[in-house]
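Side chains are part of it too, since the values below use all heavy atoms of this structure and drop only hydrogens, waters and symmetry mates.
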Amino acid sequence: YLINPLIGIFVFSFPAACCYQAAGAFGVIPHSKKFGYLVIEPNKGDTSVNSPLASLLSWGEGWHNYHHTIVKDYRHGYKWWEIDPPAWFIEKLFLGKG
């Protein structure tokens with residue numbers, strides 16, 4: 001910390017961000033199993049649904065129906081209006097789209 005004060009900020013911020021992400025995931029997952037709608041017929045035994053509220057709170061991670069049904073697709077959102085920032089990030093950095 002004496003070398004650079006920003007190191008102290010990073011040492012605090014990184015674990016705090018990890019805790020925030022974990023709390024968000026554990027809050028979104030149960031909600032995305034019960035409250036929402038289907039866009040694709042789910043796999044046998046799968047109860048996941050797309051939840052707009054969960055997606056709003058978690059930046060697109062609540063579109064579980066599509067994500068659980070089409071597991072090889074990097075996107076979570078299926079319809080054009082389902083906001084999916086992680087897919088935009090993947091497209092920009094790894095796929096060269098946009």
Side-chain angles (χ1 to χ4, degrees):
Y1 182 74
L2 293 174
I3 296 170
N4 188 345
L6 292 178
I7 293 174
I9 294 170
F10 175 76
V11 167
F12 170 76
S13 299
F14 184 73
C18 290
C19 290
Y20 177 75
Q21 174 64 27
F26 291 125
V28 165
I29 291 169
H31 180 81
S32 294
K33 295 277 184 188
K34 297 183 184 195
F35 307 105
Y37 60 93
L38 298 174
V39 291
I40 296 177
E41 188 64 33
N43 296 329
K44 185 177 180 182
D46 186 16
T47 60
S48 60
V49 294
N50 281 0
S51 170
L53 178 61
S55 286
L56 181 66
L57 296 175
S58 65
W59 283 55
E61 298 294 323
W63 309 125
H64 272 65
N65 172 244
Y66 182 73
H67 169 69
H68 283 220
T69 306
I70 312 294
V71 295
K72 292 185 178 186
D73 195 354
Y74 65 92
R75 297 173 299 140
H76 287 186
Y78 178 71
K79 299 191 182 253
W80 67 269
W81 52 268
E82 293 176 339
I83 297 171
D84 193 0
W88 302 338
F89 183 76
I90 291 168
E91 288 171 357
K92 237 356 175 185
L93 289 181
F94 300 109
L95 302 178
K97 294 180 182 179

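Clustering of Ile, Leu, Val, Met, Phe, Trp and Tyr by side-chain heavy atoms under 4.5 Å joins F10 with F14. Counting Ile, Leu, Val, Met, Phe, Trp and Tyr side chains that sit under 4.5 Å apart, directly or through other members, I83 shares a hydrophobic cluster with W88. The hydrophobic cluster around V71 extends to none of the other residues, as no ILVMFWY side-chain heavy atom falls under 4.5 Å of it.
Judged purely by atom type and a 3.5 angstrom limit, N50 has no side-chain atom pairing as donor or acceptor with the backbone of L38. Within the 3.5 Å criterion, the main-chain N or O of W63 finds a donor-acceptor partner in the side chain of S55.
For F94, the ring pair (Phe, Tyr, Trp, His ring centres under 6.0 Å) criterion is met by no residue, not counting sequence neighbours. In terms of the side-chain contact (heavy atoms from CB on, under 4.5 Å) criterion, residue partners of P86 (sequence neighbours excluded) are, by chain and number, E61, D84. Take L95 and apply the side-chain contact (heavy atoms from CB on, under 4.5 Å) test, not counting sequence neighbours, and it matches Y74, I90, E91, K97. Qualifying ring pair (Phe, Tyr, Trp, His ring centres under 6.0 Å) partners for F12, counting only residues two or more places apart in sequence or in other chains: none.
Under a hydrophobic clustering in which Ile, Leu, Val, Met, Phe, Trp and Tyr are joined whenever their side-chain heavy atoms come within less than 4.5 Å, directly or via other members, F89 and W80 fall into different clusters.
Within the structure, salt bridge (charged side-chain N to carboxylate O under 4.0 Å, His left out) contacts touching residues 63-83 (residues at least two apart or in different chains) are D73-R75.
When every heavy atom of P42 is checked against every heavy atom of N65, the shortest pair comes out as CB-ND2, 4.0 Å. Nearest heavy atoms, I40 versus Y66: CD1-CD1, 3.2 Å.
Between H68 and H64, the ring planes are tilted. Angles from 30° to 60° get that label.
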